[in-house]
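Report on one structure; see the data block that follows.
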Amino acid sequence: MLTAEDKKLILQVWEKIANQQDDCGREALERMFCVYPQTKTYFPHFDLNPGSDQVRSHGKKVVAALSNAVKNLDNLSQALSELSNLHAYNLRVDPVNFKLLSQCFQVVLAAHLGKDYTPEVHAAFDKFLSAVAAVLAEKYR
Ligand code: HEG
């Protein structure tokens with residue numbers, strides 16, 4: 001459950017990295033494919049080398065979905081409903097992988113924010129990404 005304070009911090013952070021969001025998306029994917037190579041099995045049709053056009057463009061899509069989530073913090077299930085269907089029924093991504101991407105995203109965020117990545121920001125973003133992951137996984141039952 002995101003508190004009012006969590007929501008404020010999430011909005012602030014998202015604004016702060018406004019012009020680095022696409023880089024964050026790409027870097028989070030590159031990190032996930034490097035640290036958790038098993039995640040590459042979902043992308044056999046992609047060139048997964050760091051900096052590839054496909055990784056870059058997929059990073060933008062993931063970040064756009066997160067932007068939509070940030071705008072709908074009180075309404076995540078509805079806002080991400082189609083994406084949830086896609087991951088559960090079409091892509092069949094094992095939900096364990098959402099945690100892996102979330103963790104990579106947080107490391108990237110920490111690297112970009114430096115001292116602004118406070119314990120409070122960390123906690124708020126962790127809750128936010130967990131909530132997004134829960135929505136993406138909720139159609140699996
Ligand atoms: Mg997913 C497609 C978002 C985790 C594998 N993912 C997509 C798309 C978005 C998205 C926006 C494009 C949808 C479209 O084209 O309509 N993904 C998204 C988020 C998160 C996530 C927000 C978690 C925070 N995805 C995720 C994980 C995996 C995965 C962990 C696998 C390890 N996504 C995946 C694949 C595709 C998408 C294989 C299709 C890629 C393609 O063929 O273009």
Side-chain angles (χ1 to χ4, degrees), residues 1-114 116-141:
M1 187 65 191
L2 295 168
T3 64
E5 182 63 20
D6 290 332
K7 291 177 194 172
K8 200 179 87 187
L9 289 173
I10 292 162
L11 286 164
Q12 275 174 2
V13 161
W14 203 246
E15 180 62 28
K16 201 169 278 172
I17 60 156
N19 56 9
Q20 308 164 49
Q21 286 172 4
D22 289 347
D23 284 341
C24 288
R26 173 181 53 77
E27 288 167 28
L29 288 173
E30 287 171 355
R31 179 171 282 274
M32 180 180 75
F33 294 137
C34 176
V35 180
Y36 304 109
Q38 68 273 27
T39 57
K40 295 197 279 189
T41 55
Y42 293 100
F43 298 89
H45 51 310
F46 272 31
D47 168 8
L48 294 181
N49 290 305
S52 85
D53 286 347
Q54 282 173 314
V55 173
R56 191 181 304 276
S57 112
H58 190 61
K60 278 189 194 181
K61 288 184 194 173
V62 171
V63 156
L66 292 178
S67 282
N68 182 33
V70 168
K71 290 191 193 103
N72 291 281
L73 290 176
D74 292 321
N75 215 351
L76 285 181
S77 270
Q78 246 177 299
L80 300 177
S81 174
E82 266 182 46
L83 205 54
S84 179
N85 285 335
L86 181 77
H87 283 78
Y89 302 131
N90 296 60
L91 300 170
R92 296 166 189 267
V93 173
D94 186 323
V96 67
N97 293 290
F98 299 132
K99 291 191 175 55
L100 304 182
L101 181 58
S102 296
Q103 197 243 344
C104 291
F105 200 88
Q106 300 238 39
V107 175
V108 168
L109 206 55
H112 278 254
L113 287 173
D116 291 336
Y117 187 74
T118 62
E120 290 76 18
V121 166
H122 181 176
F125 233 84
D126 192 42
K127 284 162 86 174
F128 167 60
L129 291 173
S130 299
V132 169
V135 171
L136 291 189
E138 76 189 3
K139 306 278 169 73
Y140 287 73
R141 49 204 83 218

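All residue numbers in this chain count up from 1 along the given sequence. Read the numbers this way: they start at 1 and go in the same order the structure lists the ligands and their atoms. Note that the structure is a prediction, hence the values are computed from the model and not measured.
Only the side chain of F43 comes within contact range of ligand 1, with a heavy atom under 4.0 Å; no backbone atom does.
Neighbouring protein atoms of atom 1 (Mg) of ligand 1 (N, O or S, distance under 2.8 Å, waters ignored): H87 NE2.
Which of F98, F128, F33 comes nearest to atom 26 (C) of ligand 1 through a heavy atom is settled by distance: it is F98.
D116 pairs by the salt bridge (charged side-chain N to carboxylate O under 4.0 Å, His left out) definition with K16, not counting sequence neighbours. Checked against side chain to side chain donor-acceptor pair (under 3.5 Å), Q38 has no partners two or more places apart in sequence or in another chain.
Side-chain contact of Q106 with D126: a donor-acceptor pair under 3.5 Å is present, judged by distance alone.
Applying the 6.0 Å contact sphere to NZ of K127 captures more than 12 heavy atoms from other residues, nucleotides or ligands.
At the shortest separation from atom 30 (C) of ligand 1 among protein heavy atoms lies N97 O, 3.3 Å. Distance from atom 38 (C) of ligand 1 to its nearest protein heavy atom, with residue and atom name: Y42 O, 3.3 Å.
In terms of polar-atom proximity, defined here as any N/O pair under 3.5 Å, H45 does make such a contact with ligand 1.
Ring geometry, F105 versus F125: the interplanar angle falls under 30°, so the pair is classed parallel (tilted spans 30 to 60°). Ring-plane geometry between Y140 and F98 is classed as perpendicular, the angle between the planes exceeding 60 degrees on a 0 to 90 degree scale with a lower cut at 30.
Among residue pairs with one or both ends in residues 42-53, none qualify as salt bridge (Lys or Arg N to Asp or Glu O under 4.0 Å); sequence neighbours excluded.
Contact of the E5 side chain with the E120 side chain is not registered, since no non-hydrogen atoms from C-beta on lie closer than 4.5 Å. N85 places none of its side-chain heavy atoms less than 4.5 Å from the side chain of N90.
Distances from ligand 1 to the non-hydrogen atoms of F46 include at least one value under 4.0 Å.
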